[in-house]
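One-based numbering, in listed order, for ligands and for the atoms of each.
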Amino acid sequence: MKTELIGLDKEEFASFIESLGEKPFRAKQLWQWVYNRGETDFDKMSSFSLALREKLKENCTITRPKIVAEQLSSDKTRKWLLEFSDGQRIETVYIPEEDRGAVCISTQVGCAVGCTFCHTGSQKITRNLTAGEIVSQFMVARDAYGEWPSPTDETRYLSNIVVMGMGEPLHNMENTFKALKILSDGDGIAISKRRITLSTSGIVPHIAEVGSKAGVKLAISLHASNNEIRSRIMPINKKYPIEEILKACQDYQNVSGTRMITFEYLMLDGINDDLSCADELISLMKKFKIDAKFNLIPFNPWPGCPYRPSVKKQVLAFAERLNKAGYAAPVRVARGQDILAACGQLKSKKNNC
Ligand code: SAH
Ligand code: SF4
């Protein structure tokens, strides 16, 4: 069996090259070809002799997932439906902003958490993605924008990564953290950890490790200000209630300095958008002394969903209440809605609506 290189970390590159009887510096060169230059053709690896190129062809592969469909939204958000070798499919999204752009990557096919507002959650879990499958999503996006070799300046299109696609990353922690290590390696894809944010529904035992092990920024999908509402819209709250999540957030902040935590808050009409909810949020943050900011997310409806988005006036009043208490609370603009690429709309079936 040939070894697939995408998804191997530096140590594994070293042992692979050693197993071929080659000198250690070849591992470094191969790493650069694969992850820094994005090369997929061994014949183009000009720093290798013909003999070595042939040996590599015989012993390893560099695989991208198959692009089943690609859609471009009117707001320039781009979405890829990708298929892996076993036929499983996921979606990856690129969200351009004025001076940068984020690639939103998936970590699982489906999701076991089952949040009632989420399209992915209505899909159940099929399997975890491997580290290679997670890394290769970013590589597909970079292929599309021709950003190889990894740019060193700040003008790059693909400047940030958000682990906010399909799946709960902390239910697939090992592969996700390994992928983030590869993605952030300065000799390879080189997206700095400061520019990577992992979003979780609040898997308490692993929250602090987002800081101590992965070293990336943390976002919590809070979406409610008390356990009664949260358990209703996110059943996982019965297992990991708000107070436990916030205690784990304290641990995250303790291990990683005073790194700000983003709380995502979906605005659902008549469910969690009363101003008393904003007051409850403020009390919670003060009680747990959390360095927090909020992202107020407009609810993106999907076919058959049971909620409506909050009205604009209510969202603005909610934001203002949080602002007055000293918390940033930008109102997110839904991106890529026309191609079902917005938060919570991802699903791996092709014709899903
Ligand atoms: N499973 C992780 C990461 C993926 S979800 C998590 O839940 O955090 C990414 C974000 O999209 C989460 O904040 C999620 O709550 C939000 N989201 C889910 N469904 C949505 C919808 N219909 N409209 C807007 N945002 C949604
Ligand atoms: Fe899973 Fe996140 Fe969707 Fe909840 S919001 S079902 S955790 S992907």
Open item on the list: Regarding atom 14 (C) of ligand 1: of the candidates Met267, His223, Met166, Met164, which has the closest heavy atom?
Closed with: His223
Open item on the list: Which option wins on minimum heavy-atom distance to atom 2 (C) of ligand 1: Cys118, Pro309, Gly165, Ser199?
Closed with: Ser199
- [ ] Give yes if a backbone or side-chain nitrogen or oxygen of Leu266 is under 3.5 Å from a nitrogen or oxygen of ligand 1, and no if not.
- [x] no
- [ ] Report yes if some N/O of His119 lies less than 3.5 Å from some N/O of ligand 1; otherwise report no.
- [x] no
- [ ] Run the contact test for Ser221 against ligand 2 with a 4.0 Å cut-off on heavy atoms, strictly below, and give the result.
- [x] no
Task: Salt-bridge criterion met for Lys324 and Glu320 (N-O under 4.0 Å) - done: yes
Task: No-hydrogen, no-angle side-chain donor-acceptor test under 3.5 Å, Glu280 and Asn226 - done: yes
TODO: Return the orientation label for the His119 and Trp302 ring planes: parallel under 30°, perpendicular over 60°, tilted otherwise.
DONE: parallel
- [ ] Anything under 30° is parallel, anything over 60° is perpendicular, the rest tilted; go ahead and classify Tyr327 against Phe294.
- [x] perpendicular
Open item on the list: Can you name the atoms of ligand 1, numbered from 1 with element, that are less than 4.0 Å from a heavy atom of Glu168?
Closed with: 1 (N), 2 (C)
Open item on the list: My understanding is that only residues two or more places apart in sequence, or in another chain, count here; which of them pass side-chain contact (heavy atoms from CB on, under 4.5 Å) with Lys312?
Closed with: Leu316
Task: Atom indices of ligand 2 within 4.0 angstrom of Cys111 heavy atoms, with elements - done: 1 (Fe), 6 (S), 7 (S), 8 (S)
TODO: Under 4.0 Å from a heavy atom of Gly167: give me the atoms of ligand 2 that qualify, with their elements.
DONE: 8 (S)
TODO: Under 4.0 Å, heavy atoms only, figure out whether ligand 2 is touched by the backbone of Cys118, its side chain, both or neither.
DONE: side chain
